[in-house]
There are 2 protein chains.
Amino acid sequence: MQPKVTIYDVANAANVSMATVSRVMNRNPKVKKETKERVLKVIHDLNYHPNAVAQGLASKKTTTIGVIIPDLTNAYFANLAIGIDDIAMMYNYNIIIANSNEDTEKENQIIDNLLAKQVDGIIYMGRNQTEHFRSATRDNGTAVVLAGTVDEWNTPSVNINYRQATYDATSFFLKQGQKVALVISDKNYPINAKYRIPGYKDALKEYGIEFNKKLIFETQDNNSISNPTFQEIYESEASSAVVYSDDTAIILLNKGFEMGRSIPEDFQIITSNNTVVTKYARPTISSITQPLYDIGAVAMRILTKMMNKEKVQDSNVYLDYDIIHRGTTRI
Amino acid sequence: MQPKVTIYDVANAANVSMATVSRVMNRNPKVKKETKERVLKVIHDLNYHPNAVAQGLASKKTTTIGVIIPDLTNAYFANLAIGIDDIAMMYNYNIIIANSNEDTEKENQIIDNLLAKQVDGIIYMGRNQTEHFRSATRDNGTAVVLAGTVDEWNTPSVNINYRQATYDATSFFLKQGQKVALVISDKNYPINAKYRIPGYKDALKEYGIEFNKKLIFETQDNNSISNPTFQEIYESEASSAVVYSDDTAIILLNKGFEMGRSIPEDFQIITSNNTVVTKYARPTISSITQPLYDIGAVAMRILTKMMNKEKVQDSNVYLDYDIIHRGTTRI
DNA sequence: CTGAAAGCGCTTACAG
DNA sequence: CTGAAAGCGCTTACAG
C-alpha cells in the first residue's frame with residue numbers, strides 16, 4: 001500500500017504552488033507552457049491522481065449522479081441504465097445506482113443517501129416520485145430527469161409517446177374487427193392513467209366501439225403463470241391483447257398454449273418493449289419498438305445540461321417508436 | 001432552494017461546539033443525555049443532514065463501493081447486483097455501478113474513476129481483472145471481492161463450484177450413454193479453463209470416455225441465432241449439451257427446432273444459471289440452480305468485513321447449487 | 001502567469 | 001462530558 005500522493009507533493013517536487021498544480025490539472029489556459037510541462041511531468045512521475053472527494057468538497061460538484069431504478073433484473077430498465085451509464089461516462093460522471101423495488105420507504109431512504117452524497121443530479125425511473133423525494137430535491141435544488149417514466153408535474157423526462165403507441169397497437173387489432181384487451185400493471189400508475197388507457201380509448205372511439213372496462217386487465221406486476229389474471233384474459237371476450245411488458249407478454253403467450261389456444265390464429269398479442277425475450281419466445285412476439293438505450297442516453301444528456309445550468313429547450317422528450325410484427329400477430 | 005444547514009448552524013442553535021454535534025451524529029456515547037437531546041432536537045428542527053462528502057474527506061471513508069459489471073442487461077449479473085445492492089444498503093453503503101462490457105480500456109478507466117472517488121471497496125464481476133486494475137487496487141490498498149467470477153490470484157470470491165456442477169451435469173448425460181457437448185463462451189476465460197472444462201473432463205474420465213475437443217464449443221458470447229456455432233453443435237455427434245448461459249441455451253433450443261430436432265427426445269440441454277428465461281422457454285429448460293442473489297449478497301458481506309479490517313476466515317466461498325430438471329432433459 | 005490564503009464541512013486527537 | 005484546533009485534499013477569488 002503506497003503512500004497517497006497529494007497536490008502538495010506535486011507542488012513541492014515541481015517547485016510551484018499547489019494553486020498552479022490545480023490549474024494544470026483543470027486545464028486552466030493561463031499557465032506558462034514550461035511550468036505546465038514541468039508540472040505535468042511530475043504528475044506523471046509521481047503517478048498523481050486527484051482526490052475526487054476533496055475536489056467535490058471544494059468545488060461543490062461531485063461528478064456523480066444518482067440513478068433510481070425499480071428493478072435491475074427488468075430488461076426494460078436495465079437497457080435504459082446502459083444508455084445512462086454510457087453517456088454519464090462520456091461526460092465524466094459516475095452513477096450511484098439504487099434498486100428501489102418501487103417501495104416508498106426505500107425510495108425515501110435512497111433519496112436521503114443520494115443527497116447526503118451530494119450528487120449533482122438524479123435520474124428517476126419508476127412509478128412515481130414520493131412526496132419526500134419531490135420536496136427534498138426541490139429544497140436542494142437538485143436536477144431530476146425521468147427516464148421511461150412520466151409524472152403529473154411535468155418533470156423533465158424522456159419517453160416514447162405511450163398514448164400514441166397504444167393507440168396504434170389497439171387500432172391494428174380493431175381494424176381486423178378484434179376485441180382488444182389492454183393489459184397493464186396498475187391503472188393508477190401515471191403511465192397507464194395518462195397514456196396507455198387514454199390511447200386505448202382513443203382507438204376505440206376512432207372505431208366507434210364502446211369502452212368496456214372489463215377488457216382492462218391489471219397484473220399488479222405479478223408475472224407468475226399462476227396469476228389468475230392471465231387465465232381471465234383468455235376467458236374474456238378479447239381476441240387480442242396489447243400488453244405493457246414483455247415478461248407479461250411471454251407469460252400470457254405460454255398461458256395461451258396451456259389453455260389450448262392457438263396464437264396468433266385465435267388470439268393475438270402486441271407487447272411494448274421489444275426486449276430480447278420477444279425474440280426468444282416461440283412464436284416470436286410482435287412488439288412496439290422503443291429506443292431503450294437512447295431513452296437512457298438522452299435523459300442523461302438532458303441532465304448534464306441541467307447540471308450546467310444550460311437552457312433545455314424541450315424538457316419532455318418523446319423519441320420515435322414503431323411496431324414490429326412477428327409471430328403473435330396476423331398481418 | 002433552501003440554504004444548506006451545516007454542523008456549525010446546529011452547533012450555534014444548540015449552544016454547543018461542532019465537535020459535540022459531531023459526537024451526537026456519530027452516536028458517541030459520552031455525551032450528556034440533556035445535551036444530546038437538545039442537539040437532536042435542533043438537528044430535527046433545522047432538518048440537518050450531514051454532508052457525506054465532507055465526512056468522507058475527514059474520515060477517509062466514503063461508504064461508497066464500486067461495482068464493475070460486464071453487462072447490466074445480463075440477467076445473471078443483474079441478479080447478483082441486486083444482492084449486492086441490498087446488503088450494501090443494509091450496511092449503509094452506496095454502490096457506484098459501472099458497465100464494463102468486459103472491455104479492457106473501459107475497465108481501466110473505470111478503476112481510475114472509482115479510486116479517484118475513494119471508494120472503500122470494489123466488487124468485480126467479469127472475465128478477468130486487468131493488470132492495471134490489479135496494481136492500482138493493490139497500491140491503494142483497496143479491498144476487492146469477486147462475485148460470480150474467479151481468477152488465478154486467489155482474490156476473495158463468491159461462486160458455486162463450477163467444476164463440480166459441470167461434472168454433475170455432464171455425468172447426468174453420460175449415465176444415459178449420451179455424447180455431451182460443452183458450450184462455453186471462450187475456453188481461455190478462467191471460469192472455463194479452471195472449472196468448467198476440468199469438470200467436464202472429470203466426468204468423461206469417470207465414465208471412461210476419451211476427451212474429444214471437437215465437443216467443446218465456444219460462442220464468444222455471441223448469442224445471435226445466426227452464430228454458426230449453434231448449428232455446428234447439432235451437426236456434431238453430440239446428443240446433449242451443458243451450456244454456460246441461459247441466453248445461449250434458449251437460442252440453442254430454438255435453433256434445434258429450426259433444424260427439425262426434437263428436444264428432449266433427440267437432444268437434451270442443461271443450462272447454468274436458472275434465470276427467468278429458463279421458465280419462459282417451451283419446453284422449459286433444465287438448469288443448474290445457483291443462489292444468484294446470495295452470491296452477490298455474500299460477496300458484499302465479505303467486502304464489508306474486509307473494509308472493517310476484520311478477519312475473513314474463508315475468503316473463497318462456494319455456495320450450494322443444484323440441478324433442476326425441466327423440459328429439456330429426460331429423466 | 002503565479003502564489004498566499006481562505007474556505008468547502010466534516011472528524012479526531014488533545015486538553016481540560 | 002465538552003471545546004479549541006488541526007487537518008482531510010482540494011478550488012477559487014484576490015493580489016501582485
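All of these numbers come straight from a predicted model, not from anything done at the bench.
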Visitor: Hey, can you pull the donor-acceptor pairs under 3.5 Å for the side chains in residues 309-317 of chain B, sequence neighbours left out?
Guide:
from	atom 1	to	atom 2	distance (Å)
E310(B)	OE2	N308(B)	ND2	3.4
N316(B)	ND2	T155(B)	O	3.0
N316(B)	ND2	S157(B)	OG	2.7

Visitor: Test of understanding: with salt bridge (Lys or Arg N to Asp or Glu O under 4.0 Å), list the residues that count as partners of D71(B), not counting sequence neighbours.
Guide: none
Visitor: First and last nucleotide of DNA chain C in contact with chain B, 5' to 3', at under 4.0 Å to a heavy atom: what are they?
Guide: dG9(C) to dA13(C)
Visitor: If you assign K33(B) and K60(B) each to the DNA chain D nucleotide with the nearest heavy atom, which residue ends up on the more 5' nucleotide?
Guide: K33(B)
Visitor: For DNA chain C, which residues of residues 303-310 of chain A approach it to below 4.0 angstrom with any heavy atom?
Guide: none
Visitor: Using distance only, find each side-chain donor-acceptor pair of residues 117-127 of chain B under 3.5 Å and give its atom names and separation, not counting sequence neighbours.
Guide:
from	atom 1	to	atom 2	distance (Å)
K117(B)	NZ	T62(A)	O	3.4
K117(B)	NZ	T63(A)	O	2.6
K117(B)	NZ	T63(A)	OG1	3.1
K117(B)	NZ	T64(A)	OG1	3.0
K117(B)	NZ	N94(A)	OD1	2.9
D120(B)	OD1	T62(B)	N	3.0
D120(B)	OD1	T62(B)	OG1	3.4
D120(B)	OD2	T62(B)	N	3.2
D120(B)	OD2	T63(B)	N	2.7
Y124(B)	OH	E107(B)	OE1	3.1
Y124(B)	OH	E107(B)	OE2	3.2
Y124(B)	OH	N128(B)	N	3.2
Y124(B)	OH	N128(B)	O	2.7

Visitor: Quick one: does K36(B)'s side chain have a donor or acceptor within less than 3.5 Å of a partner on P29(B)'s backbone?
Guide: no
Visitor: Answer yes when K106(B) and D86(A) have at least one side-chain N-carboxylate O distance shorter than 4.0 Å, and no when they do not.
Guide: yes
Visitor: Taking T149(B) for the side chain and L146(B) for the main chain, is one N or O donor matched with an acceptor at less than 3.5 Å?
Guide: no
Visitor: Any side-chain donor paired with an acceptor under 3.5 Å for R301(A) and T304(A)?
Guide: yes
Visitor: For DNA chain C, report each stem as range with range, ordered by first number, or say none. Use Watson-Crick or G-U wobble pairs under 3.5 Å, at least 3 in a row.
Guide: C:1-3 with D:14-16, C:5-12 with D:5-12, C:14-16 with D:1-3
Visitor: Without hydrogens or angle criteria, can the side chains of N108(B) and T130(B) be said to hold a donor-acceptor pair below 3.5 Å?
Guide: yes
Visitor: Excluding sequence neighbours, so at least two apart, what forms side chain to side chain donor-acceptor pair (under 3.5 Å) with S22(B)?
Guide: N26(B)
Visitor: What pairs with D112(B) under side chain to side chain donor-acceptor pair (under 3.5 Å), at least two apart in sequence or on another chain?
Guide: H132(B)
Visitor: Would you say the side-chain atoms of D85(B) pair up with the backbone N or O of A98(A), donor to acceptor, closer than 3.5 Å?
Guide: no
Visitor: Looking only at heavy atoms, what is the nearest atom pair of I95(A) and A88(A), with distance?
Guide: CG2-CB, 3.8 Å
Visitor: Listed in order of residue number, which residues of residues 8-30 of chain A have a non-hydrogen atom at under 4.0 Å from DNA chain D?
Guide: Y8(A), M18(A), A19(A), S22(A), R23(A), N26(A)
Visitor: Would you kindly compare K4(B) and K32(A) by the position of their nearest DNA chain C nucleotide and give the one closer to the 5′ end?
Guide: K32(A)
Visitor: Return each pair, listed once, that meets ring pair (Phe, Tyr, Trp, His ring centres under 6.0 Å) where at least one residue sits in residues 48-70 of chain B; pairs must be two or more places apart or across chains.
Guide: none
Visitor: Please work out which residues in residues 43-56 of chain A have a non-hydrogen atom less than 4.0 Å from an atom of DNA chain C and list them by number.
Guide: none
Visitor: If the condition is side chain to side chain contact (heavy atoms under 4.5 Å, CB included), which residues does A58(B) pass it with, not counting sequence neighbours?
Guide: none
Visitor: Checking the side chain of N140(A) only, and the main-chain atoms of T142(A) only, is there a donor and an acceptor separated by less than 3.5 Å?
Guide: no
